[in-house]
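Fair warning: this is a prediction, and the values are worked out from it, not measured in the lab. In each ligand, atom 1 is the first atom listed, and ligand 1 is the first ligand listed.
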Amino acid sequence: MTHIHVVTRDNRHLYGNELQQYFRLRHEIFVEERGWKDLYRPDGLEIDRYDNEHAVYLLAIDRERVVGGQRLYPTLLPHMISDVFAHMARRGIPKAADVFEWTRYFVVRERRTGRTDCRLLAAIQEFCLDEGITELTAVVEMWWLPRWQQAGFKVRPLGLPTMVEGQPCVAAAIRVSQESLDHIRKLAGLRGASLVRSGRLLPILDRVPHVAA
Ligand code: A1S
């Protein structure tokens with residue numbers, strides 16, 4: 001059975017093996033499968049400057065095997081949109097304690113039937129609602145827009161579509177809401193809360209450094 005585990009700086013010591021798998025999978029999927037060659041590392045682990053103590057991971061784990069994942073990062077710190085994609089957010093980059101950037105979303109190939117995907121989408125809405133995060137920001141390829149619409153996510157573009165690595169992409173903000181969670185839970189066939197929180201986790205917003213990016 002697959003569960004979505006919350007991994008933060010408070011409990012990452014419990015997930016050493018799973019985090020190693022997760023970074024290796026990110027390399028396999030983003031560098032080798034998706035061809036994002038700038039992320040290549042000779043050790044085969046895709047780790048970037050945002051994989052630090054402020055990152056939060058929601059990992060889909062089936063009996064100690066990581067089968068999917070996603071990352072959240074505070075927008076009050078320099079983050080991918082402010083550092084690299086600021087030109088794609090001409091309407092302004094949302095930066096607030098309760099706004100997080102959403103990156104590195106994947107499901108392993110043999111689980112791409114939509115089910116793990118729906119669970120990860122439900123998990124992100126559930127986690128953000130629980131923690132008081134009101135909005136997510138992301139840079140995505142355009143094919144995410146109909147996916148989000150189908151998932152019941154409320155999305156507003158932050159700028160015009162722009163080519164990134166030969167693909168039309170857009171920066172967007174997604175509103176976190178109970179309505180979206182209910183919608184995606186229904187699609188995923190989930191009745192209630194599905195997140196696993198191991199160890200002693202402090203509320204995420206208590207951890208957000210109040211430094212403007
Ligand atoms: C940043 C993301 C942020 C949210 C943080 O009938 P199909 O196969 O065409 O249906 C597909 C397509 O409609 C669409 N789709 C998926 N990958 C696509 C691509 N590279 N280009 C264009 N369209 C694409 O989604 C439908 C279902 O996809 P799927 O792979 O068969 O199944 P599933 O279970 O819904 O998994 C979707 C994801 C995106 C999770 C999976 O394909 C994956 O992990 N891909 C590699 C990682 C990735 O590209 N992540 C997004 C960027 S991170």
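The list of salt bridge (charged side-chain N to carboxylate O under 4.0 Å, His left out) pairs with a residue in residues 72-89, not counting sequence neighbours, reads R49-D83. Residue pairs meeting the salt bridge (charged side-chain N to carboxylate O under 4.0 Å, His left out) criterion with at least one partner in residues 181-209, sequence neighbours excluded, are D10-R207, E126-R185, D130-R197, E131-R197.
Looking at E32 and K37, no side-chain N of the basic residue comes within less than 4.0 Å of a carboxylate O on the acidic one, giving no salt bridge. Salt-bridge check for R26 with E46: passed, with a basic side-chain N closer than 4.0 Å to an acidic carboxylate O. Using a 4.0 Å cut-off between charged nitrogen and carboxylate oxygen, E110 and R115 do not count as a salt-bridge pair.
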Where does ligand 1 get N/O contacts under 3.5 Å from the protein, atom by atom?
| from | atom 1 | to | atom 2 | distance (Å) |
| --- | --- | --- | --- | --- |
| ligand 1 | 21 (N) | W143 | NE1 | 3.1 |
| ligand 1 | 25 (O) | R147 | NH1 | 2.9 |
| ligand 1 | 34 (O) | G114 | N | 3.0 |
| ligand 1 | 35 (O) | R147 | NH1 | 3.4 |
| ligand 1 | 44 (O) | V107 | N | 2.8 |
| ligand 1 | 44 (O) | V107 | O | 3.2 |
| ligand 1 | 49 (O) | R34 | NH1 | 2.7 |
| ligand 1 | 50 (N) | Y105 | O | 2.8 |

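Under the side chain to side chain donor-acceptor pair (under 3.5 Å) criterion, R41 pairs with D43, sequence neighbours left out.
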